[in-house]
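Everything on this sheet refers to the single structure shown next.
Hydrogens, waters and symmetry mates play no part in the numbers below; they use all other heavy atoms, side chains included. Chain naming here is simple, since letters A, B, ... match the order of the sequence lines and numbering starts at 1 in each.
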Amino acid sequence: MTGRFDPAGAERRWQARWDAAGCFAADSASPKPKTYVLEMFPYPSGRIHMGHVRNYTMGDVIARYRRMQGHEVLHPMGWDAFGMPAENAALERKVHPGTWTRDNIAAMRDQLKRLGFALDWSRELATCDPEYYGHEQALFLDLFDAGLVYRKESEVNWDPVDRTVLANEQVIDGRGWRSGAPVERRKLAQWFLKITDFAEDLLAGLESLEQWPDKVRLMQENWIGKSRGLVFSFRLAEPADDIERIEVFTTRPDTIFGASFVAIAAAHPLAQAVAAADPGAHQFIDVCRAGGTSAAEIETAEKTGYKTRLEAVHPLDPEWRLPVYIANFVLMDYGTGAIFGVPGHDQRDFEFAKQYHLPIKRVVASSHGEAALPIGEEAESEPGIAVNSEFLDGLETEEASAEVIRRAETAGWGVGTTAWRLRDWGVSRQRYWGTPIPIIHCASCGPVPVPRDQLPVVLPEDVAFDLPGNPLDRHDAWRQVACPSCGAAAARETDTLDTFVDSSWYFIRFASQPAGRPFERAEAEAWLPVDQYIGGVEHAILHLLYARFWTRALQRIGRIGIAEPFKGLFTQGMVTHETFRSVDGRWLSPDEIEVREGGALVERATSAAAERGRIEKMSKSRRNTVDPEPIVAKYGADAVRWFMLSDSPPERDLEWSIDGIEGAARFVQRVWRLATEPQAGDGPDPALDKKAHRAIAAVGEAIEGLQFNKAVAQLYELVNAIEKAAPSASRAEAVRTLVKLASPMAPHLAEECWAKLGGDGLMAEADWPSFDPNLLVDDDVTIAVQVNGKLRDTILAPRGLDRESAEALALASAKVQRQLDGAAPRKVIVVPDRLVNIVA
RNA sequence: GCGCGCGUGGCGGAACUGGUAGACGCGCUUGGCUUAGGACCAAGUGUCGAAAGACGUGGGGGUUCGAGUCCCUCCGCGCGCACCA
């Protein structure tokens, strides 16, 4: 009679033992091969959620597996501790953002520790520590000195009622989330990092990232958006103010004879010039300014334009005049902020032309014969053959484009160029809870960097949140300083850095944290690049691109010798859960729901009818979150970890279910029973040996491929096989193997079992078992026998059987004979050791 | 609007580079053990069919001796879009 495994006791016991032994402290000077396993560090929002548990469990399995393989492993944890939620908490609950953040960190650290992750807590950091952000300020100034930081105007979402800048997230349907007032776009002078200097490198570098998901590489490639095209200018028939030309960019120079209008962005200088003399234009620009700055909002808005009195002269025909519009769908940030519209072959231009009754001309066709065919209900944007285009007629799209570029360059009205979709990184945030930008504005010297010996520029703690906006703007004692350059009265920059800056180098600081500098190059390079980085796909573009840029920028200025920070990347799916709503549409949490007889759902408190919603990502707003803590308390950390790895492939979404966690808890007990029952029995069991060795090979392979669900399935198969096997020496050995293989996933259980089995030392420091390759292959194989591609029979045959014999065996099958019904096969396809297909 | 992805039993999923679809888990059914069971053990479980067999990987079409896998097309769902982290 064996007792049940007691998770709570085992967790406490072994976590203390690991701590005492210092198992997970990474030694930068170790001679062992090094592995750096990193999960995206959490924002300290309050409590750990299931998404964190899934993320950190995956990383933990890799970290523990590598350690068992004899690697020195760096597996650190820290806090992405600056950001808006802390300021929102300050507004709503009258707590200081710092207090709120640090309390959250303490709570979440405790929660993480209870899950038994193999983390090196000695390297813990929080981005809101002056020590950390002080080093960040130093790095920012290094980039400033290298000419990679500059200042320019750019648009923000402005809430005219709260008189504050809003994040895109705070703009709901074009209105401020608190005030409800329609949001406007407003220009502010802001700091930018020259990520576009690295566009070519960041694009080319994607090639080398073989251990990244293809989809992420593709998304980054599209985001960087390299395109060849033509920049040229239209001469204005009559100059406006002193502006005589409109410069445009196009990726389709071949369609130049299909132009029917020119459109400029509302923020274009020419639009401003027109508006000065034209109240209608002025009004239109004001209307364009309404609404938020996000691309989705701008591009889904109805396409509208304002026809100016200007006319553009077609560069290839001085008699040809095109109307000039100010249009809301032209982006100032891409290309030149102006386009020429070709309605026949661009869908946006098509819609615009329909609305304003502009000509829609065909200049591309799939064949010469279609030159006269009118454009139908949609623009035709695919390449083809140029038609109705004078000297271009008959040329393929690519040749035609090259020809236009050649003529433009020869005649001097345009130039072939490369355009990038990627824009420079605006890092200014008009918020308190972030890294202060270490710049002082002086009336006579301009922006002056804070001298290095005055870093860090520490955020003042004595701030009030009684008014909207950035309290640093109102903190005169902090803001007013002497100019470091001339000594005159000057003012600190009150914008803080985008929190993406904080997360663009934390992985370097984890690897090396000397006292007086951001990092020590040699030590950082000993660990970097990160071997396996794990996090959500939602970071596929921004965070990962910024971190790649920051690393390359540090490389360019000679601070580090690597270009790419993350060698292996894995993007995990979300944790989802069913949702419930009341009939009047309120979200209800699962524990507010009661299932009545017949399966009807009612709201427990009111007995009013409720309905099951769809399965969605766990979020507070949908009230479908499950707090890991009580689950861990009830089922144990190992069961929770096990469930997080089972069933769903890690890149896909995982639906949380209580049945799933109970299944995991049962598995934990099954392993415990096997490990604690009497291990009597001698003699070999070759079949079980094979099974065990295959499990070693398969589990290792699955973990290396981050296919944890497959590793789990393999372990279930091994458990099934052991339970069925009669006592033997092989069986006792298989149990020990099982415990080792399960240890990265269920480490407390494994330690406890290992101790019961009389194993030496800590399982956390044990070696990963090795397998005998000879035991992986069978002597006999099952060969599928098909007739016309349909399975009719299977035959057992010795491995390596020759084609002729396999064919003969297949033809001898009674089922095959019945199918053939006396006819001779027309053809037989033999795939050795796999299949025989008889074509009748 | 643009970019990217996903779709296989009642459910989560497995299926190496085109070669036996449904491994493994959950659930369910039957039986055993038991005072009892949400514990444990045994057997079963894609659909239709008594069986032989037929059908079956979101829908439609194609390539192939052979398609979950490749191509085209349609539908549905999700993620990102530069100030959410």
Side-chain angles (χ1 to χ4, degrees), chain A residues 4 40-43 45 80 82-85 154 156-157 165-171 190 195 213-216 218-219 221-223 225 292-301 303 329 333 347-348 351 421-431 498-500 503 536-543 545-546 571 573-574 576 614 616-617 643 646-649 651-655 657 659-660 662-664 666-667 669-670 673 701 707 709-710 712-717 720 723 782-794 818 826-829 831 834-840:
Chain A
R4 289 176 65 79
M40 291 178 185
F41 66 164
Y43 177 78
S45 54
D80 189 13
F82 276 136
M84 285 203 311
S154 117
V156 293
N157 301 306
V165 175
L166 299 177
N168 284 337
E169 188 192 50
Q170 299 172 313
V171 178
Q190 311 208 58
I195 189 171
D214 287 340
K215 65 170 175 181
V216 175
L218 188 57
M219 285 162 83
E221 186 181 324
N222 290 333
W223 185 263
T293 59
S294 76
E297 197 168 343
I298 292 167
E299 289 170 29
T300 51
K303 287 164 189 52
F329 68 95
D333 291 314
Q347 187 59 23
R348 284 173 306 177
E351 287 167 28
R421 212 187 72 96
L422 183 68
R423 308 198 299 260
D424 276 336
W425 177 13
V427 293
S428 294
R429 296 293 179 272
Q430 295 72 37
R431 273 184 261 288
D498 180 4
T499 57
F500 276 124
S503 54
V537 237
E538 65 272 21
H539 296 289
I541 296 176
L542 294 179
H543 161 60
L545 193 63
Y546 291 145
T571 54
M574 301 176 301
T576 61
R614 57 177 58 179
E616 302 210 51
K617 178 181 180 173
F643 173 64
S646 323
D647 296 350
S648 273
E651 68 279 9
R652 231 184 279 178
D653 292 350
L654 167 73
E655 191 195 339
S657 83
D659 291 335
E662 286 186 344
R666 276 203 293 278
F667 174 80
Q669 297 299 342
R670 279 171 84 188
R673 273 198 302 278
E701 195 182 328
Q707 299 174 306
N709 55 324
K710 290 199 223 168
V712 163
Q714 287 295 331
L715 287 172
Y716 273 114
E717 289 199 41
N720 290 343
E723 283 177 344
T782 305
I783 294 177
V785 179
Q786 298 179 336
V787 177
N788 292 331
K790 285 197 185 297
L791 183 73
R792 294 300 170 187
D793 203 358
T794 57
R818 196 173 337 139
R826 283 198 290 162
K827 191 175 171 186
V828 178
I829 287 140
V831 182
R834 289 205 86 108
L835 155 151
V836 178
N837 186 17
I838 295 152
V839 186

**Complete:** Of B/rG80, B/rG25, B/rG5, the nucleotide closest to the side chain of A/I541 is B/rG80

**Prompt:** Rounding to the closest angstrom, what is the interatomic distance between B/rG18 and B/rC71 at atom C1'?
**Reply:** 13 Å

**Item:** Value in whole Å for how far the C1' atom of B/rC79 lies from NE2 of A/H543
**Value:** 17 Å

**Message:** By the 4.0 Å heavy-atom rule, please label A/T794 as base, sugar-phosphate, or nothing.
**Reply:** base

**B/rG22 to B/rA14 separation - P atoms, rounded to the nearest Å** = 15 Å

**Prompt:** Phosphate oxygens OP1/OP2 of B/rA52: is one of them under 4.0 Å from a side-chain N or O of A/R818?
**Reply:** no

**Asked** If you check the A/R421 side chain, which of B/rA82, B/rC24, B/rG19 turns out closest?
**Response** B/rA82

**Asked** Considering only side-chain heavy atoms of A/L218, which listed nucleotide, B/rC4, B/rU20, B/rA82, is closest?
**Response** B/rC4

**Request:** Consider the side chain of A/Q786, meaning its heavy atoms from C-beta on, and name the nucleotide among B/rC24, B/rA85, B/rG19 that approaches it most closely.
**Result:** B/rG19

**Message:** Given the structure, check if the side chain of A/Q430 and the base of B/rC83 hold any donor-acceptor pair shorter than 3.5 Å.
**Reply:** yes

**Request:** May I ask you to test the A/H539-A/V537 pair for a side-chain heavy-atom distance under 4.5 Å?
**Result:** no

**Request:** Using a 4.0 Å heavy-atom cut-off across all strands, classify A/L835 as base, sugar-phosphate, or nothing.
**Result:** base

**Prompt:** Under 3.5 Å, is there a donor-acceptor pair between the side chain of A/D653 and the main chain of A/G573?
**Reply:** no

**Prompt:** To the nearest 0.5 Å, what is the distance between CG (A/L715) and CG (A/N720)?
**Reply:** 11.0 Å

**Asked** Where the side chain of A/A295 is defined as all heavy atoms beyond and including C-beta, which of B/rC83, B/rC81, B/rU20 is the nearest nucleotide?
**Response** B/rC81

**Asked** Is there side-chain contact between A/E701 and A/Q707, with at least one heavy-atom pair below 4.5 Å?
**Response** no

**Request:** For the side chain of A/T782, starting at C-beta, report the closest nucleotide among B/rU20, B/rG5, B/rA85.
**Result:** B/rU20

**Message:** At 4.0 Å (heavy atoms only), tell me whether A/G83 reaches a base, stays on the sugar-phosphate, or touches nothing.
**Reply:** sugar-phosphate

**Distance, rounded to the nearest Å, where A/F500 contributes CZ and B/rC84 contributes P** = 8 Å

**Asked** Looking at A/N788, does any N or O in its side chain come under 4.0 Å of the phosphate oxygens OP1/OP2 on B/rC65?
**Response** no

**Message:** Of the options B/rC26, B/rA82, B/rG1, whose atoms approach the side-chain atoms of A/T300 most closely?
**Reply:** B/rG1

**Request:** When you get a sec, tell me which of B/rA85, B/rC2, B/rC24 is the closest nucleotide to the side chain of A/L542?
**Result:** B/rA85

**Complete:** Here the distance between atom C1' of B/rA23 and atom CD of A/E701, to the nearest Å, is 15 Å

**Asked** When you measure from the side chain of A/Q170 to the backbone N and O of A/A167, does any donor-acceptor pair fall under 3.5 Å?
**Response** yes

**Request:** Go through the steps for A/R673 and A/R670 under the test side chain to side chain contact (heavy atoms under 4.5 Å, CB included), then give the verdict.
**Result:** CA-CA 5 Å; A/R673 273 198 302 278; A/R670 279 171 84 188; 3.2 Å; yes

**Fill in**
The contact string for nucleotides 12-18 of chain B, one letter per nucleotide 5' to 3', using protein heavy atoms under 4.0 Å with B, S and - for base, sugar-phosphate only and none, comes out as BSSSB--

**Request:** Identify, between A/I783 and A/R431, the residue whose nearest nucleotide on RNA chain B lies closer to the 5' end.
**Result:** A/I783

**Request:** Show your working on side chain to side chain contact (heavy atoms under 4.5 Å, CB included) between A/N709 and A/D647 and close with a plain yes or no.
**Result:** CA-CA 5 Å; A/N709 55 324; A/D647 296 350; 5.8 Å; no

**Asked** What interatomic distance, in whole Å, is found between P of B/rA42 and the corresponding atom of B/rA52?
**Response** 28 Å

**Asked** Counting just side-chain N and O atoms, does A/R429 come under 4.0 Å of either OP1 or OP2 of B/rC83?
**Response** yes

**Request:** Give one of base, sugar-phosphate or nothing for A/V712, where a contact means two heavy atoms less than 4.0 Å apart.
**Result:** nothing

**Item:** Between B/rG3 (C1') and A/R348 (CZ): distance, integer Å
**Value:** 13 Å

**Item:** Side-chain heavy atoms of A/F500 within contact of A/H543, under 4.5 Å
**Value:** yes

**Item:** Sugar-phosphate only, base, or nothing, as touched by A/G225 at under 4.0 Å among non-hydrogen atoms
**Value:** nothing

**Prompt:** At under 4.0 Å between heavy atoms, what does A/S503 touch on the DNA or RNA strands: base, sugar-phosphate, or nothing?
**Reply:** nothing

**Prompt:** Which whole number of Å gives the distance between the C1' atom of B/rG25 and that of B/rG9?
**Reply:** 14 Å

**Fill in**
Hits for side chain to side chain donor-acceptor pair (under 3.5 Å) against A/R429, two or more places apart or cross-chain, chain-then-number order -> A/D498

**Request:** Could you give the distance separating B/rU8 and B/rU69 at their C1' atoms, to the nearest angstrom?
**Result:** 12 Å

**Prompt:** Any idea which heavy atoms bring A/W223 and A/R421 closest together, and the distance?
**Reply:** CE3-NH2, 2.7 Å

**Prompt:** How far, in whole Å, is B/rG7 from B/rC16 if one measures between their P atoms?
**Reply:** 14 Å

**Request:** Select base, sugar-phosphate, or nothing to describe what A/H539 touches, counting heavy atoms under 4.0 Å on all strands.
**Result:** base

**Asked** Does B/rU57 have a Watson-Crick or wobble mate here (both distances under 3.5 Å), and if so which one?
**Response** none

**Prompt:** Can you tell me how far P in B/rA50 sits from the matching atom in B/rU64, rounded to whole Å?
**Reply:** 39 Å

**Message:** Give me the distance, rounded to whole Å, that separates B/rU29 from B/rG80 when you measure between the P atoms they each carry.
**Reply:** 40 Å

**Prompt:** Is a donor-acceptor contact shorter than 3.5 angstrom present between the side chain of A/N837 and the base of B/rC65?
**Reply:** yes

**Request:** Would you indicate what A/V839 reaches in the nucleic acid, counting non-hydrogen atoms under 4.0 angstrom: base, sugar-phosphate, or nothing?
**Result:** sugar-phosphate

**Partner nucleotide, any strand, of B/rG37 [Watson-Crick/G-U, under 3.5 Å]** = none

**Request:** Mind checking A/L422 for me? I need base, sugar-phosphate or nothing, with any heavy atom below 4.0 Å counting as a touch.
**Result:** base

**A/R666 side-chain proximity, nearest of B/rG3, B/rG25, B/rC26** = B/rC26

**Asked** Which one is paired to B/rG1, where only Watson-Crick or G-U wobble pairs with both distances under 3.5 angstrom count?
**Response** B/rC81

**Asked** What nucleic acid atoms does A/W223 come within less than 4.0 Å of, heavy atoms only: base, sugar-phosphate, or nothing?
**Response** base

**Prompt:** Which is true for A/Q190 with a 4.0 Å heavy-atom rule: it touches a base, it touches only sugar-phosphate, or it touches nothing?
**Reply:** base

**Asked** Contact class for A/A296 (heavy atom, under 4.0 Å): base, sugar-phosphate, or nothing?
**Response** base

**Message:** Consider side chain to side chain contact (heavy atoms under 4.5 Å, CB included). Of A/V171, A/V156, A/N168, which one does A/T293 pass it with?
**Reply:** A/N168

**Prompt:** Between A/Q170 and A/Q714, which is nearer to the 5' end of RNA chain B once each is assigned its nearest nucleotide?
**Reply:** A/Q714

**Request:** Could you please name the partner base of B/rG66, counting Watson-Crick and G-U wobble pairs only when both distances are under 3.5 Å?
**Result:** none

**Prompt:** What's the base orientation of B/rG80: syn (chi within 90° of 0) or anti?
**Reply:** anti

**Message:** Side chains of A/R826 and A/N788: any donor to acceptor distance under 3.5 Å?
**Reply:** no

**Request:** Provide the Watson-Crick or G-U wobble partner of B/rG44, both distances under 3.5 Å; none if there is no partner.
**Result:** B/rC28

**Complete:** Against the side chain of A/M219, the closest entry in B/rC83, B/rC65, B/rG3 is B/rG3

